[in-house]
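To start, the structure under review is shown below, and the notes come after it.
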Amino acid sequence: MLKTKEDIITKIHLIISVAIVIPTSVIYGFNPSSRFDIHLNTIDELNQFKAIMGLYLGFSILWILGIFRANFLKLALMSNIVFMLGLGLGRLVSLCIDGTPTFAYQFGTIAELFLGFYGLWVFSSKYVEKM
C-alpha cells in the first residue's frame, strides 16, 4: 500500500478521495438534508440521489483497488482525475451561473479541483514521461 515515499505521493490523493467520497455518498443516498441544504420531496429525487451514491461508491471501489493493486493504479488515477475535475469544474460553472453555495460546497469545489489537479500531476509524472 504505502511502503515508499513514491507510494505516498502516488496514492495519497486516492486515499483522501475514498475517505471523503464514501461518507458523502452515504449521506447523499440516505439523508442529504442532514449535512446539506437539500430537501428531496419525490421518489424520483430520492432515486437520483441513491444513483449518485452508487456511482460514488463504485468509483471508490476502483480507487481502493488502485491503492492496493498495481495493475489497477493507472485506471484509478485516470478515473479520479475525471471524477474530481468533472465535479470541481461543474461546481465552478454553477458558482458563475447560480451564485455562491453553502460553505460545504465551496470547500468541496476547492478540494475537488485540488485532488483532480494533484492526480493529473501524479499521472503525468508517472505515466506520460514513460510514453
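Only a predicted model underlies this, so the values are computations on that prediction, with no experimental measurement involved.
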Considering all heavy atoms of both residues, which atom of [X] and which atom of [Y] are nearest to each other, and what is their separation?
X: I64; Y: I22; value: CD1-CD1, 4.3 Å
X: F30; Y: M53; value: CE1-SD, 3.5 Å
X: L14; Y: A76; value: CD2-O, 3.9 Å
X: N80; Y: L115; value: OD1-O, 4.1 Å

Considering only heavy atoms from C-beta outward, does the side chain of [X] approach that of [Y] to under 4.5 Å?
X: V21; Y: V26; value: no
X: I9; Y: E6; value: no
X: L73; Y: K126; value: yes
X: N31; Y: S33; value: yes

If hydrophobic clusters are built by linking Ile, Leu, Val, Met, Phe, Trp and Tyr wherever their side-chain heavy atoms come under 4.5 Å apart, do [X] and [Y] end up in the same one?
X: L120; Y: V82; result: no
X: I8; Y: V122; result: yes
X: F103; Y: I38; result: no
X: L92; Y: I110; result: no

Practice task
Give me the ring orientation class for F49 and Y28: parallel if the planes are under 30° apart, tilted from 30 to 60°, perpendicular past 60°.
Solution key: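 Taking Y28 first and then F49, their aromatic rings stand perpendicular (interplane angle over 60°).
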Handout entry: Sidechain-backbone polar pair: N47 side chain, I43 backbone, donor-acceptor under 3.5 Å
Key = no
Rounded to the nearest 0.5 Å, how far does [atom2] of [Y] lie from [atom1] of [X]?
X: I27; Y: F36; atom1: CD1; atom2: CZ; result: 5.5 Å
X: D7; Y: K11; atom1: CG; atom2: NZ; result: 4.5 Å
X: S17; Y: L62; atom1: OG; atom2: CG; result: 11.5 Å

Handout entry: Check: T102/D37 side-chain N/O donor and acceptor closer than 3.5 Å
Key = no
For residues 83-91, dump all side-chain donor-acceptor pairs below 3.5 Å to protein atoms at least two apart in sequence or in another chain.
from	atom 1	to	atom 2	distance (Å)
R91	NE	E112	OE1	2.8
R91	NE	E112	OE2	3.2
R91	NH2	E112	OE2	3.2

Practice task
Answer yes or no: are there more than 12 heavy-atom neighbours, outside F107 itself, under 6.0 Å from its atom CZ?
Solution key: no
Practice task
Could you pull out all residues at least two apart from D98 that satisfy side chain to side chain donor-acceptor pair (under 3.5 Å)?
Solution key: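 For D98 the side chain to side chain donor-acceptor pair (under 3.5 Å) partners, ignoring immediate neighbours, are S94.
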Completion exercise
Sorted by chain and number, sequence neighbours left out, side chain to side chain donor-acceptor pair (under 3.5 Å) with D44 holds for none
Handout entry: Residue of the set F123, Y118, W63, W121 for which ring-ring contact (aromatic ring centres under 6.0 Å, His included) holds with H13
Key =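 One option only clears the test, and that one is Y118.
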Exercise for the section: Give the intermediate values and the outcome of side chain to side chain contact (heavy atoms under 4.5 Å, CB included) for residues L77 and Y127. Expected result: CA-CA 10 Å; L77 290 171; Y127 293 106; 3.6 Å; yes
Handout entry: Working for side chain to side chain contact (heavy atoms under 4.5 Å, CB included), residues L95 and T109
Key = CA-CA 10 Å; L95 184 67; T109 303; 5.9 Å; no
Practice task
Could you walk me through whether L57 and I52 pass side chain to side chain contact (heavy atoms under 4.5 Å, CB included), step by step?
Solution key: CA-CA 9 Å; L57 290 173; I52 292 169; over 6 Å; no
